Amino acid sequence: QNASGSSSAATSAAASSAASGSASSGSSGAALSGEVKIGAVMPLTGSVAAFGQSGQKALQLLEDQVNADGGINGQKLTFVFVDDEGKPATAATVGKKLIDNDKVVAIVGPLTSNCALSLAPIAQQYKIPMVTGTGTNEKVTKVGDFIFRTCFIDPFQGKVVAKLASSDLKAQTAAMLYDNGNDYSKGLAQNFQKSFEANGGKVVSSETYLTGDKDFNAQLTKIAATNPDVLFLPDYYSTVAVIAKQARSAGIKATFLGGDGWDSADLFKIGGDAVNGAYFSNHYSPDDTSAEVVQFIKDFKSKYNTTDAPDAMAALNYDAGKVLVQSIQKAGSTDSAAIQSALKAYDGTVVSGHIKFDENRDAIKSAVIIKTDGGKETFYTKVEP
Amino acid sequence: MKSYIKRGVIFLAASLVVFCVLFVLIQTDVINAYYSQILMVICINIILALSTNLIINYTGQLTLGHSAFMAIGAYASAFIQMNTGLPFFLSLLCGSVVAAVFGFLIGLPTLRLKGDYLAITTLGFCQIVVVAIQNIDALGGAQGLAGIPPKTTFAWVFFSMIATIAILYNIVHANQGRAMISVREDEIAAEAMGIDTTRYKIMSFTTGAFFAGYAGGLYAFLMMFIDPNSFNFLKSIDFVIYVVLGGTGGFVGCIASTSILTLLPEVLRFLGDLRMVIYPLLLIVIMILRVKNIRVTSFLRRKSGAAKPKERGEDHAAA
Amino acid sequence: MSLIEFLQQLINGVSLGSVYALIALGYTMVYGIIGLINFAHCDIYMVGAYIGFFVATYARLPFIPALLIAMLGSALLGVVIERVAYKPLRRTTNINLLITAIGVSLLLENGFNAMFGGNPRTYPGDILKQQTVMFGPIRSDALHLIILGISLLLLVLLNLFVNHTKMGRAMRATSLDKDAAALMGINVNTTISMTFAIGSALAGAAGMLVAILYSSLDPYMGMMPGIKSFVAAVLGGIGLIPGAFVGGIILGVVETFMAAINSKIAGAVAFVILIVILIIKPTGLLGKAVKEKV
Amino acid sequence: MPLLDIENITIKFGGLTAVSDFSISMEENDLFGLIGPNGAGKTTVFNMLTGVYAPTSGKIVFNGESIQGIQPHQITKKKISRTFQNIRLMKNLSVMDNIKVSYAYQAHYSLVSSIFRLPSYFRQEEEIEKKSLDLLKIFGLLELKNEKACNLPYGQQRRLEIARALATQPKLLLLDEPAAGMNPQETQNLMDLIQWIRREFKIAILLIEHDMKLVMGVCENIVVLDYGKIIAQGPPDEIKTNKKVIEAYLGEEAADA
Amino acid sequence: MLKIQNLNVYYDAIHALTDINIEVKEGEIVTLIGANGAGKTSTLRAISGLVPAKSGTITFEDKKLNGYPAYKIPYLGISHVPEGRRIFSNLTVMENLQMGAYCRKDDAGIKKDFEMVYARFPRLKERMKQRGGTLSGGEQQMLAMGRALMARPKILLLDEPSMGLAPIIVQEIFHIIKEINGSGTTILLVEQNANMALSIANRAYVIETGNIVLEGKASDLLQDDSVKQAYLGG
Ligand SMILES: Nc1ncnc2c1ncn2[C@@H]1O[C@H](COP(=O)(O)OP(=O)(O)OP(=O)(O)O)[C@@H](O)[C@H]1O
Ligand SMILES: Nc1ncnc2c1ncn2[C@@H]1O[C@H](COP(=O)(O)OP(=O)(O)OP(=O)(O)O)[C@@H](O)[C@H]1O
Ligand SMILES: [Mg+2]
Ligand SMILES: [Mg+2]
């Protein structure tokens with residue numbers, strides 16, 4: 001079976017050019033061990049472990065593919081996985097471990113924004129290129145010019161959903177219910193509100209809860225009284241599903257809207273009927289028929305012998321890894337400045353779409369809107385930036 | 001007095017030697033940034049553990065909210081420094097003072113609570129602080145405060161730790177310390193001996209908060225990024241664990257257990273997910289062994305014939 | 001706030017409070033006997049939910065048998081924990097026990113996370129039809145009412161049990177003086193195990209009911225309810241069975257109304273209330289001040 | 001002016017009046033005994049005198065100052081000190097530290113002085129050290145100064161508790177059943193000790209005791225409580241033969257002891 | 001009835017009892033006297049199973065008690081009034097008495113014994129609903145005695161029952177001890193108040209630092225010079 005798939009043309013082209021490059025620069029001793037190590041910082045334990053485990057699987061798939069294809073510049077690619085537990089302080093510590101002990105040439109991750117914010121200054125200080133696939137907080141890449149991001153940022157996502165609400169759903173009023181103790185949830189809510197109000201809508205009710213809460217009746221009763229057209233629920237699927245159920249039984253008729261945190265097959269297991277008829281923004285849709293997506297899903301399913309399609313966490317981290325690997329190949333060396341400039345010049349298509357970095361080193365990317373229907377995620381539309 | 005000065009000089013000399021050795025190792029990159037980061041975290045944790053020790057082991061007041069003061073110190077010093085450009089040390093001091101003031105204010109009404117009631121109240125206070133910070137946008141809210149300049153160096157944390165050890169040692173081995181210990185031993189008897197127990201409880205609590213605030217400041221300027229969730233009560237529980245494993249009172253035990261327990265998760269890192277299971281397992285085993293061990297050591301002491309222990313009616317009924 | 005909304009929130013509050021009360025009852029029970037903040041209580045709650053989940057999902061057992069098995073399993077777990085982890089420390093200070101309890105708590109949480117993964121799961125939809133009950137314009141969940149009913153029933157039963165039966169008296173005597181209790185002919189080990197069994201069974205039942213109610217369970221599900229219920233128990237006067245119930249309901253109602261007024265600060269409200277009440281009444285709402293006789 | 005003047009103090013616990021209309025007056029260097037059946041309210045009187053309980057009504061004037069209702073530690077500073085019916089030593093502290101704790105309130109150096117070890121710290125610590133050693137010597141506990149208090153035999157724990165009370169430099173010393181659990185020999189030594197303390201420190205002593213040999217042997221005035229009320233007061237010889245006292249407290253056999 | 005042979009008890013390294021031999025015959029009052037820390041309490045605790053015997057045997061009515069857990073002892077008819085009273089401070093007086101009858105099943109008998117105890121200690125009846133912990137010292141001692149009697153024991157182990165009691169109560173307690181004994185209960189009495197103890201006992205043992213140094217008829221010991229010297233205050 002051909003593991004390299006659709007991007008094999010680009011990859012092998014880059015690889016062959018890099019191979020010749022490495023032949024000349026190989027003697028410079030950039031990687032004595034004969035391997036190129038890239039650090040991968042993910043939460044493998046703790047309350048967001050599920051995301052990290054997804055990301056890890058995707059990167060392991062990438063590692064196999066790249067090595068089967070001749071590695072990076074003729075050297076073996078190794079991802080060094082470390083667990084940040086979803087805690088910023090741990091991310092900083094393990095980041096230093098990667099840089100100092102494992103001598104990685106670059107870092108993929110961290111997965112959550114808080115951890116990314118914590119590790120970014122260190123990566124910048126040591127001039128180690130860091131590419132986060134999922135740290136959507138806009139501040140992350142502002143830390144410095146070695147920090148890159150392959151996903152869209154919270155303001156964009158907020159804008160996309162708000163636009164959907166205003167123009168497609170013709171919503172006049174919106175309510176929000178978000179986790180005040182979670183940076184991601186709170187960030188999305190703020191950005192949604194900004195855009196929605198800019199579009200002329202009105203946020204009639206903005207309620208919060210704290211991570212771990214399971215009973216939202218108080219907030220929902222209050223929201224029900226304002227009778228909003230849409231209810232924005234920017235949190236992870238496990239919480240959202242619980243909220244949705246309670247919201248329906250509290251008599252809220254509004255259409256539910258959400259962000260990329262919704263993406264999971266388990267959304268329907270928990271939420272049942274209540275989550276049907278909702279819309280959320282995402283990085284990619286498994287229904288997408290583009291060659292990259294089809295190939296990725298196929299490879300992923302066969303490697304892990306599963307029928308479940310990989311979630312966005314998998315796709316995004318795969319992309320971050322791939323962008324980094326291709327840039328190193330293009331740079332033809334593991335010198336950090338070379339990798340940095342290769343990243344800056346990157347222009348290619350990966351699973352979640354076309355990637356090219358803007359002056360803030362953020363990917364300029366499209367988003368997809370997914371509609372939930374009959375217990376399934378269906379592709380609704382694609383929104384260009 | 002002479003013996004005190006002698007001991008003081010020896011302590012200082014020893015710490016200078018330790019510092020020089022470590023400093024050279026760091027400069028020559030024998031101890032790389034990763035290890036030195038761990039080293040610095042250990043020093044900061046020691047400050048925190050010793051300040052918790054003062055409250056829990058010396059004064060006998062169970063607090064589960066010490067990380068609140070750490071948070072207050074961290075946010076206050078970082079915020080002050082970033083907004084006023086105050087020199088590093090002064091902003092640390094400001095942070096500690098703010099923490100101490102909070103310690104005083106919360107201690108005043110709550111310290112008349114006993115045992116578990118105090119524990120749950122301090123835990124509650126800790127959660128209140130976390131939620132409060134989450135709601136203050138100027139501090140970054142839940143998204144955390146980024147962009148704190150990296151001012152904490154090894155020299156800073158090391159000498160801060162030495163100073164903390166010295167100061168707390170001096171407090172404990174003075175009249176105030178004796179009063180605190182008597183509060184732990186028997187509040188009613190202490191009162192009868194003319195000791196204003198409330199005053200010493202508050203003194204201990206406020207002092208503890210001061211050092212926790214200071215350590216929080218060091219932490220903020222080391223990490224360059226802080227977020228409220230890092231300071232929730234689970235963090236406080238870490239300190240309680242350090243202190244309890246360190247044994248009653250002693251500084252050495254507390255420092256040793258803090259160092260080991262801070263290091264342990266890093267050492268166990270190679271185990272992957274499993275370390276999160278191994279760590280609590282070790283904790284339980286150590287706790288049980290420690291009790292057995294106390295029996296063994298007291299047995300050895302008795303055998304040497306020095307003491308005639310008498311802990312009456314405290315054994316064996318249900319065995 | 002309109003009257004209807006007020007009443008609705010009151011119902012919401014009582015419902016939430018009944019969940020707290022149910023967990024708090026077990027907490028208080030164990031605390032009353034061995035004076036230990038059993039940090040692992042809320043993890044036994046989690047384990048109870050998992051046991052119920054497994055037998056309901058894979059053995060396809062209906063609600064009642066699944067609940068009984070969950071209670072039995074939790075009771076067993078509670079007894080084992082006490083025997084293995086707490087008993088060796090029985091003669092030492094409470095704070096040692098507290099640390100061990102925290103260790104057990106982390107072990108269960110992380111152990112379950114390692115074994116079953118962090119992804120939340122959910123009970124089969126048909127285990128208990130969730131129904132909305134309407135009282136005029138006010139609505140409530142049937143399951144919430146069941147939980148409230150169970151808490152009330154337990155309040156009465158436990159109170160009778162502890163205060164008016166021989167076993168209950170034996171438990172209280174054991175909590176006060178183990179040696180003297182043994183001299184009365186009380187088997188201290190059995191009594192303590194019994195206490196843990198009852199407390200843990202309650203936790204397990206609560207875990208399963210709540211997991212069905214909120215249709216999700218995960219290894220860390222016990223953390224927040226655990227703390228809130230402990231707050232409830234302390235609020236009412238720790239060690240007192242009616243206190244746990246009253247504390248739970250009050251906490252639920254106050255939290256709900258705070259969330260209705262300003263949800264941003266509601267997360268801290270439970271603790272603010274706790275501190276305020278303890279400052280006014282240091283032994284909790286129903287606790288009697290017992291001055292040590294000198 | 002009497003040293004201690006108690007006027008009609010009464011205390012109620014719920015429905016129970018533990019002490020009612022209790023009045024006595026003591027001069028400096030008086031040695032009074034307070035006896036009465038179990039539960040008569042003797043310890044409760046001590047508790048009111050030392051601020052553990054506030055009397056429901058009545059007045060306590062000590063050294064010309066009204067002291068009822070103030071905190072126990074403030075009362076100690078006003079120079080009343082006590083021992084407890086159930087020994088309350090700082091069990092895990094050494095004998096020496098137990099004594100030093102009692103000097104704590106008399107030390108006046110500040111926290112700053114402790115932290116930086118200013119001269120005032122050394123000066124006062126040395127003084128405390130010296131005073132403590134002196135006191136231990138007097139009580140014959142010097143060799144045991146580094147022993148943990150809980151490791152002391154019972155009789156010596158009682159002595160240590162008295163020494164500790166004396167270290168607060170009281171004008172009035174309250175002893176609650178100092179001879180309880182002592183054998184006749186130890187009791188005899190204790191009697192000598194009490195008389196010696198009174199002479200040496202020139203303080204007033206009020207003691208509760210059920211050992212009649214001790215009470216009758218050392219006290220010059222005895223107050224008898226029953227059900228919270230004073231039923232008799234006077235010198236030992238009078239008390240011994242008082243009908244009411246015999247009936248309520250002494251019993252027939254002990255009366256002729 | 002109760003026979004202790006070559007009993008040795010250790011607290012970790014402390015050898016508290018060395019080869020103790022004591023015998024109590026049915027219907028007797030036997031007293032064990034000795035100075036502080038001599039090992040009186042330890043002897044009683046060993047009988048009740050609160051401390052394990054390192055070696056030697058304790059037999060009660062031909063049953064070997066070694067290895068019996070403490071909680072099974074009361075069922076055999078051994079009741080122990082421990083040193084320091086050890087009443088349940090948070091239980092009411094009545095509940096404390098009920099605890100005493102924990103090992104009994106005959107409700108009618110228990111009820112009668114309640115009356116018996118209240119008759120012996122009227123003060124307890126007055127304080128029936130009060131929490132044990134707030135009783136005065138003497139009241140607590142009465143409660144401890146009453147609680148032990150509620151078990152209707154064959155043998156009663158008393159550890160310093162006169163400690164801290166008013167003279168009249170001490171007389172009363174000794175009176176009661178005699179009375180209880182008269183109604184068929186065997187008694188092993190540990191006392192600091194040797195005078196009183198010897199005056200009511202049939203036989204006595206003198207214990208010094210864990211060794212029995214003297215035994216004999218109580219009336220003989222009362223006259224013994226060394227005993228007079230050491231325990232009777234000259
Ligand atoms: N805190 C309290 N609550 C309720 N009742 C109390 C309290 N303290 C004491 N009492 C009651 O007050 C009465 C007097 O008690 P107190 O301890 O003063 O007696 P006493 O004279 O010292 O007796 P003893 O000689 O036995 O020690 C007793 O009946 C006791 O039960
Ligand atoms: N739990 C214990 N741990 C260690 N040593 C103990 C313990 N209990 C008693 N001892 C020691 O055993 C010896 C005998 O003590 P025991 O209590 O039997 O004496 P006693 O004759 O009852 O004295 P007292 O008159 O003080 O009640 C003493 O030396 C005592 O210190
Ligand atoms: Mg008394
Ligand atoms: Mg004894």
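All chains are named by letter (A, B, ...) in the order of the sequence lines, taking the proteins before the strands, and each is independently numbered beginning at 1. Nothing here was measured: the structure is a model prediction, and the numbers come from that model.
The minimum heavy-atom distance between D:Lys77 and B:Gly194, with the atom names listed, is CE-O, 3.2 Å. A pairwise comparison of heavy atoms in D:Tyr121 and B:Ala174 identifies CE1-CB, 3.6 Å as the closest pair. Looking at every heavy atom in both residues, D:Ser102 comes nearest to B:Met193 through OG-SD, 3.3 Å. B:Ile195 and D:His73 make their closest contact through O-CB, 3.3 Å (heavy atoms, listed as atom of the first residue, atom of the second, distance). Summarising the geometry of D:Asn92 relative to B:Glu185, their closest heavy-atom pair is N-OE1, 3.0 Å, with the distance given to 0.1 Å. Nearest heavy atom pair, residue D:Arg82 against residue B:Ala192, reads CG-CB, 4.5 Å.
Here side-chain hydrogen bond (donor to acceptor under 3.5 Å, both in side chains) pairs that include residues 202-215 of chain B, with residues two or more places apart or in two chains, are B:Thr59-B:Ser204, B:Ser160-B:Tyr214. Listed by first and then second residue, the side-chain hydrogen bond (donor to acceptor under 3.5 Å, both in side chains) pairs that reach into residues 87-116 of chain B are B:Asp116-C:Tyr31, sequence neighbours excluded.
There is no contact between D:Thr83 and chain B, counting heavy-atom distances below 4.5 Å. Neither the backbone nor the side chain of D:Ile75 comes within contact range of chain B, judged by heavy atoms closer than 4.5 Å. Only the side chain of B:Ile181 comes within contact range of chain D, with heavy atoms under 4.5 Å apart. Residue contact with chain D, scored on non-hydrogen atoms closer than 4.5 Å, involves the backbone and the side chain of B:Ala190 alike.
Among D:Lys100, D:Gln74, D:Gln124, the residue with the largest count of heavy-atom pairs under 4.5 Å with chain B is D:Lys100. When B:Ile167, B:Asp196, B:Ile171 are compared by the number of non-hydrogen pairs under 4.5 Å with chain D, B:Asp196 comes out ahead. Ranked by heavy-atom pairs shorter than 4.5 Å toward chain B, the options D:Lys78, D:Glu125, D:Met90 are led by D:Met90.
Using a cut-off of 4.0 Å between Lys/Arg side-chain N and Asp/Glu carboxylate O, D:Arg88 and B:Glu191 are scored as not salt-bridged.
In this structure, the side chains of D:Arg117 and B:Asn170 come closer than 4.5 Å at one or more pairs of heavy atoms.
Residues passing the side-chain contact (heavy atoms from CB on, under 4.5 Å) test with D:Lys131, sequence neighbours excluded: D:Tyr103, D:Gln106, D:Glu127, D:Gln169.
For the pair B:Asn175 (side chain) and D:Ala104 (backbone), a donor-acceptor distance under 3.5 Å is present.
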Could you please spell out the steps behind the side chain to side chain contact (heavy atoms under 4.5 Å, CB included) verdict for B:Arg184 and D:Leu93?
-> CA-CA 11 Å; B:Arg184 168 193 81 195; D:Leu93 299 193; 4.0 Å; yes
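Of residues 158-168 of chain D, those residues lying under 4.5 Å from chain B by any heavy-atom pair are D:Arg164, D:Thr168.
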